[in-house]
Amino acid sequence: MQCMVRETEINSMNITQHKFYTEFLKIEEINASSIPKSILNSVFFKQLINSQIIIDIKSGKGRKFLINKKDSYSKWLSSQTNDFESEIITKSDSIEKLRNSKAVKTNQIPFYFLRGFENVLINNHNINLGFSTENFGAFLSNSLNLNFDNVCIVENKESFLKSEKIFGSDYIFIHKYGRWSHKDFLKLECKKLIVFSDYDLVGLNEYLEIKNQIDFAEFYLPDNFNELFEKYAYNSNKQINQTTSEKVKNSDDKIVNKVKDLVLKTNRFLEQEALFLGL
């Protein structure tokens with residue numbers, strides 16, 4: 001087991017280590033007091049010392065380290081990082097360049113679940129969305145190159161699977177695995193965009209993030225919202241810990257302010273699944 005741990009450490013280099021060894025190659029000497037303990041105590045550093053690629057000498061009252069074999073050092077660094085300077089996008093890239101999928105934060109591959117009942121152009125392919133919806137529950141895509149008049153973004157999976165009960169069959173319903181970002185909307189074309197989420201501070205913030213990309217986006221508020229809130233709104237200690245973002249706090253959107261004020265006043269929030277009760 002100890003050998004396995006040692007091998008993993010040797011074959012893994014993170015950003016901090018890469019930056020240190022790259023800078024060291026440029027200056028070729030460094031005071032021992034300037035080297036982080038995590039570097040000094042690492043298997044990498046000890047390996048370089050043992051092979052005399054790096055040596056230490058006395059310097060004043062302390063010591064300093066020098067690169068003793070520059071060609072060997074350069075080859076070692078190159079073998080460890082595999083062109084680190086190029087962009088790291090996926091976990092596979094991180095393994096290829098750093099030999100560790102968790103060495104850096106990588107872009108996550110998005111997954112979009114779509115439901116609908118008409119043919120639609122997705123990623124330049126004509127998709128019979130009704131077939132996928134009726135037979136498999138949804139259509140899965142890892143990109144959102146979509147053109148359709150009416151689109152509804154749904155926060156929770158359970159609500160996503162039955163959203164047509166509220167909005168009808170003229171919409172495409174989209175549920176994303178993970179949070180939405182500006183990149184999601186670069187190729188989305190529609191005439192109407194509804195955001196259907198929980199009636200809490202997080203849902204309001206996500207709506208405003210989306211509206212910042214699609215200015216005609218609307219936050220869905222049912223006509224009987226007050227009645228539903230009074231009857232089904234949930235009180236939880238978790239709600240106390242929700243933070244009112246600057247976007248929500250400073251919004252001039254009437255619906256946002258109505259929901260925000262109600263949530264903060266009552267310390268309760270309404271889950272979107274409540275809207276399906278009785279349908």
Side-chain angles (χ1 to χ4, degrees), residues 1-111 142 176-184 201-202 205-206 209 236-249:
M1 179 63 70
Q2 290 179 345
C3 290
M4 291 177 64
V5 172
R6 179 179 174 86
E7 182 179 1
T8 299
E9 184 177 358
I10 290 174
N11 288 329
S12 302
M13 178 172 285
N14 60 35
I15 291 177
T16 300
Q17 291 169 327
H18 177 267
K19 184 177 180 180
F20 169 80
Y21 288 114
T22 301
E23 289 299 316
F24 192 14
L25 179 60
K26 294 176 183 177
I27 60 178
E28 298 188 32
E29 64 178 63
I30 187 172
N31 291 329
S33 60
S34 300
I35 303 176
K37 288 184 179 180
S38 60
I39 297 290
L40 282 172
N41 296 328
S42 70
V43 172
F44 285 128
F45 202 83
K46 292 175 182 177
Q47 184 184 56
L48 293 169
I49 290 291
N50 291 338
S51 60
Q52 294 192 320
I53 294 175
I54 293 175
I55 59 174
D56 70 310
I57 61 174
K58 188 173 181 181
S59 177
K61 294 182 179 181
R63 303 191 71 79
K64 66 180 179 180
F65 289 91
L66 310 175
I67 295 179
N68 185 46
K69 301 175 183 178
K70 190 170 183 179
D71 287 345
S72 298
Y73 184 98
S74 298
K75 290 178 181 178
W76 169 82
L77 182 58
S78 178
S79 71
Q80 291 294 332
T81 59
N82 297 325
D83 191 22
F84 180 87
E85 298 300 328
S86 62
E87 183 179 10
I88 294 178
I89 299 176
T90 67
K91 288 188 175 184
S92 296
D93 292 332
S94 186
I95 292 172
E96 179 184 8
K97 302 177 193 310
L98 299 177
R99 305 188 181 192
N100 183 355
S101 68
K102 298 178 178 62
V104 296
K105 184 177 180 179
T106 57
N107 290 346
Q108 299 297 310
I109 299 173
F111 287 105
N142 62 5
K176 183 187 177 185
Y177 180 76
R179 291 296 179 187
W180 291 87
S181 74
H182 71 281
K183 295 180 181 180
D184 297 313
L201 301 178
V202 173
N205 185 72
E206 182 140 294
E209 294 284 358
S236 169
N237 289 331
K238 182 179 179 181
Q239 179 63 16
I240 298 174
N241 296 325
Q242 280 198 1
T243 302
T244 308
S245 69
E246 290 300 314
K247 277 188 172 65
V248 174
K249 188 183 299 182

**Request:** Quick one: list whatever passes salt bridge (Lys or Arg N to Asp or Glu O under 4.0 Å) with Lys249, sequence neighbours left out.
**Result:** Glu246

**Prompt:** So how far is it from Ile54 CD1 to Lys46 NZ, rounded to the nearest 0.5 Å?
**Reply:** 13.5 Å

**Asked** Atom CD1 in Ile55, atom CZ in Arg63: separation rounded to 0.5 Å?
**Response** 10.0 Å

**Request:** Please test Ser74 against Leu25 for side chain to side chain contact (heavy atoms under 4.5 Å, CB included), starting from the C-alpha separation and ending with a verdict.
**Result:** CA-CA 7 Å; Ser74 298; Leu25 179 60; 3.6 Å; yes

**Asked** Is there side-chain contact between Ile35 and Phe24, with heavy atoms separated by less than 4.5 Å?
**Response** no

**Complete:** One should read off an interatomic distance between Lys64 NZ and Asp56 CG, to the nearest 0.5 angstrom, of 11.5 Å

**Item:** Least distance between heavy atoms, Ser34 atom then Ile30 atom
**Value:** CB-CG1, 4.0 Å

**Item:** Leu48 side, atom CG; Asn68 side, atom CG - distance, nearest 0.5 Å
**Value:** 11.5 Å

**Prompt:** Quick check, are the ring centers of Phe45 and Phe65 under 6.0 angstrom apart?
**Reply:** yes

**Message:** On a heavy-atom basis, which atom in Glu29 and which in Leu66 lie closest, and how many Å separate them?
**Reply:** CB-CD2, 3.1 Å

**Message:** Can you confirm whether Lys69 sits close enough to Asp71 that some side-chain heavy atom of one is under 4.5 Å from a side-chain heavy atom of the other?
**Reply:** no

**Asked** Rounded to the nearest 0.5 Å, what separation is found between the CD atom of Glu206 and the CH2 atom of Trp180?
**Response** 8.5 Å

**Request:** For the pair Asp184 (side chain) and Ser181 (backbone), establish whether a donor and an acceptor sit closer than 3.5 Å, ignoring hydrogens and angles.
**Result:** yes

**Item:** Geometric class of the Tyr21/Tyr73 ring pair [parallel <30°, tilted 30-60°, perpendicular >60°]
**Value:** tilted

**Message:** Please verify the inter-ring angle class for Trp76 with Phe44; under 30° counts as parallel, over 60° as perpendicular, anything in between as tilted.
**Reply:** perpendicular

